[in-house]
Amino acid sequence: MSLGKTFTLNTGAKIPTLGFGTWQSAPGEVGEAVYHALKAGYRHLDLATIYENQREVADGIKRAYKDVPGLKREDIFITSKLWNSQHHPDDVEKALDECLAELELEYLDLYLVHWPVSFKRGDKYFPLIANSSVEGGDVDIEDSISIVDTWKAMTKLPKSKARAVGVSNHKKEHIEALIQATGVVPAANQIERHPVLQSNDLIQYCKEKGIHVTAYSAFGNNGFGVPLLINRPEIKEVAESVAKRVGHPVSGAHVILAWSQVGGVSVIPKSVTPSRIADNFKEIELTDEEVAKVSELGKERRRYNTPYVANKPRWDVDIFGEDDEKPATHKVIV
């Protein structure tokens with residue numbers, strides 16, 4: 001069964017460049033969404049333990065096996081992620097086993113370190129500092145576990161359980177530290193990326209190292225009181241231009257998804273609406289001029305997913321070196 005347009009990882013495996021994301025998909029919705037995504041033709045699913053919806057994802061996959069002719073496990077590229085409170089080297093394989101049990105799978109195609117930040121070990125996803133004065137509290141950061149410690153454990157995972165390992169939300173400096181310490185180059189780096197946060201330098205670095213980039217939040221983030229990028233007039237203008245050229249309707253989502261994949265980047269749009277899930281899978285090609293028009297939005301440069309300011313409870317750690325992270329009292333430990 002065809003995977004559609006793919007990119008080859010440094011392991012030799014192929015990852016479809018258009019995937020389906022499950023972040024912020026509510027309980028009771030995500031299983032149905034995954035089912036419709038697989039029916040529509042998606043063969044790349046992006047998951048994570050912290051999304052707390054993987055058991056429903058498993059139900060959606062099993063339903064698709066029954067209803068999509070010929071669909072088998074090996075036809076689907078499945079990614080999941082190690083959570084921050086599971087970074088201790090002794091916890092990494094156990095966390096993978098728990099992830100596989102939730103998904104009722106024998107292996108993942110790709111397992112990522114979700115963030116270059118360690119939380120205190122324990123049963124809680126967000127262990128909190130007692131008596132924090134911050135609204136929602138402060139997560140208890142564990143500075144004794146470095147990202148290198150965790151990466152070393154990731155590289156030792158059996159390939160029968162995790163066929164490839166990589167990272168997410170890692171800067172160039174973080175990845176360099178991992179490679180220098182272990183000699184093992186991550187297969188992928190998943191990052192926030194969209195027309196107003198293009199991360200071209202990081203993407204170029206990853207390309208030089210043979211690290212595949214997957215983009216999340218391709219349409220922006222509607223949790224910050226700003227319109228999604230698919231509704232921007234500049235994007236709508238490009239959509240109208242493409243529609244005239246190809247002779248059928250084109251949406252802002254089509255434009256951004258096409259722009260996102262230029263250069264071999266994969267992208268993982270999320271929806272729980274069956275019609276939109278199917279529509280997002282209708283790929284288009286942009287001309288160089290249309291790509292350039294979308295890229296003009298990069299002058300604005302905005303990152304949405306900065307945990308120090310975006311999350312409650314707060315993560316008191318400077319991850320990206322953004323101006324609004326300067327008051328953070330913790331740094332990424334390499």
Side-chain angles (χ1 to χ4, degrees), residues 1-23 25 27-49 51-82 93 95-112 154 157-166 168 186-188 190 212 214-216 257 261 264-283:
M1 183 174 290
S2 173
L3 294 175
K5 189 163 60 176
T6 62
F7 184 89
T8 303
L9 300 180
N10 58 20
T11 62
K14 294 186 181 298
I15 181 172
T17 57
L18 181 60
F20 185 75
T22 57
W23 181 34
S25 292
E29 295 179 334
V30 69
E32 189 77 7
V34 165
Y35 168 73
H36 283 288
L38 292 171
K39 283 190 68 177
Y42 293 85
R43 295 295 179 262
H44 171 186
L45 301 179
D46 184 77
L47 323 172
T49 296
Y51 301 164
E52 296 186 89
N53 58 17
Q54 292 193 140
R55 293 191 185 280
E56 289 187 38
V57 169
D59 292 339
I61 294 172
K62 286 186 290 185
R63 282 184 61 200
Y65 287 153
K66 295 178 182 178
D67 292 350
V68 179
L71 182 67
K72 302 181 295 295
R73 167 64 185 96
E74 54 265 36
D75 298 322
I76 311 171
F77 190 101
I78 299 179
T79 300
S80 192
K81 309 179 190 77
L82 177 79
E93 187 169 358
L96 172 59
D97 290 340
E98 292 171 350
C99 175
L100 291 171
E102 282 189 342
L103 290 165
E104 301 179 45
L105 297 176
E106 294 183 357
Y107 69 92
L108 294 173
D109 296 276
L110 179 62
Y111 195 44
L112 306 177
M154 290 285 287
L157 290 172
K159 287 188 167 44
S160 59
K161 297 180 183 179
R163 295 191 170 179
V165 291
S168 177
Q190 186 176 129
H212 178 65
T214 296
Y216 71 81
L257 293 177
Q261 295 175 72
V265 175
S266 61
V267 61
I268 45 174
K270 185 221 81 172
S271 177
V272 294
T273 305
S275 60
R276 192 169 299 144
I277 290 169
D279 191 57
N280 285 346
F281 197 68
K282 299 174 182 175
E283 296 193 75

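Values below: every heavy atom of this structure, side chains too, minus hydrogens, waters and symmetry copies. Remember, it's a predicted structure, so these values are computed and weren't measured experimentally.
Taking 4.5 Å as the limit, some side-chain heavy atom of Tyr42 sits within range of a side-chain heavy atom of Ile277. Between Val165 and Leu157 the shortest side-chain heavy-atom distance falls below 4.5 Å. The side-chain heavy atoms of Gln190 and Lys81, taken from C-beta on, include a pair separated by under 4.5 Å. Side-chain contact between Ile61 and Ile76 is present, with at least one heavy-atom pair separated by less than 4.5 Å. Under the 4.5 Å side-chain criterion, counting only non-hydrogen atoms from C-beta, Leu103 is in contact with Leu108. Residues Pro269 and Leu18 are in side-chain contact: their nearest non-hydrogen atoms beyond the backbone lie under 4.5 Å apart. Here the side chains of Leu47 and Thr79 are not in contact, with every heavy-atom distance at 4.5 Å or above. Looking at Lys159 and Tyr107, their side chains never come closer than 4.5 Å, going by heavy atoms from C-beta outward.
When all heavy atoms are compared, the tightest approach of Asp75 to Gly70 is OD2-O, 3.3 Å. Residues Asn53 and Thr22 approach most closely at ND2-O, 3.2 Å, considering heavy atoms. Residues Ala187 and Ala164 share a closest heavy-atom pair of CB-CB, 4.0 Å.
Among residues two or more places apart in sequence or in another chain, the side-chain hydrogen bond (donor to acceptor under 3.5 Å, both in side chains) test is passed with Asp279 by His254.
To the nearest 0.5 Å, atom OG of residue Ser266 and atom CZ of residue Phe7 are 9.0 Å apart. Atom CD of Glu56 is separated from atom OH of Tyr51 by 15.5 Å, given to the nearest 0.5 angstrom. How far CG of Leu257 is from CZ of Phe281: 11.0 Å, rounded to the nearest 0.5 Å.
Between the side chain of Ser271 and the backbone N or O of Thr273 there is at least one donor-acceptor pair closer than 3.5 Å. Panel note: side chain Asp67, backbone Ala64; no donor-acceptor pair is recorded below 3.5 Å. Remark: side-chain polar atoms of Glu32 are not paired, donor with acceptor, to backbone N or O of Val272 under 3.5 angstrom.
In the model, Thr17 has no side-chain atom that pairs as donor or acceptor with a side-chain atom of Lys5 under 3.5 Å. Asp59 and Tyr35 share no side-chain donor-acceptor pair at under 3.5 Å. Side-chain contact of Gln54 with Ser80: a donor-acceptor pair under 3.5 Å is present, judged by distance alone.
Using a 30° and 60° split on the angle between ring planes, Trp23 and Tyr216 fall in the perpendicular class, above 60°.
Between Arg73 and Asp109 there is a salt bridge, with a side-chain nitrogen of the basic residue lying less than 4.0 Å from a carboxylate oxygen of the acidic one. Ion pairing between a basic and an acidic side chain is recognised when a charged N comes within 4.0 Å of a carboxylate O; Glu93 and Lys161 show such pairing. Here Asp46 does not pair with Lys270 in a salt bridge; the nearest charged N to carboxylate O distance is not below 4.0 Å.
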| task | Start with the C-alpha distance between Val267 and Thr214, add both sets of side-chain angles, then the distance that settles side-chain contact (heavy atoms from CB on, under 4.5 Å), and finish with yes or no. | result | CA-CA 5 Å; Val267 61; Thr214 296; over 6 Å; no
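A cation-pi arrangement, defined by a distance under 6.0 Å to the six-membered ring centre and an angle within 45 degrees of its axis, is absent between Arg43 and Phe77.
Of the candidates Leu110, Ile78, Thr6, Ile268, His44 forms a side chain to side chain contact (heavy atoms under 4.5 Å, CB included) with just one, namely Ile268.
Dense packing is recorded around CZ of Arg63, with more than 12 heavy atoms of other residues, nucleotides or ligands lying under 6.0 Å away.
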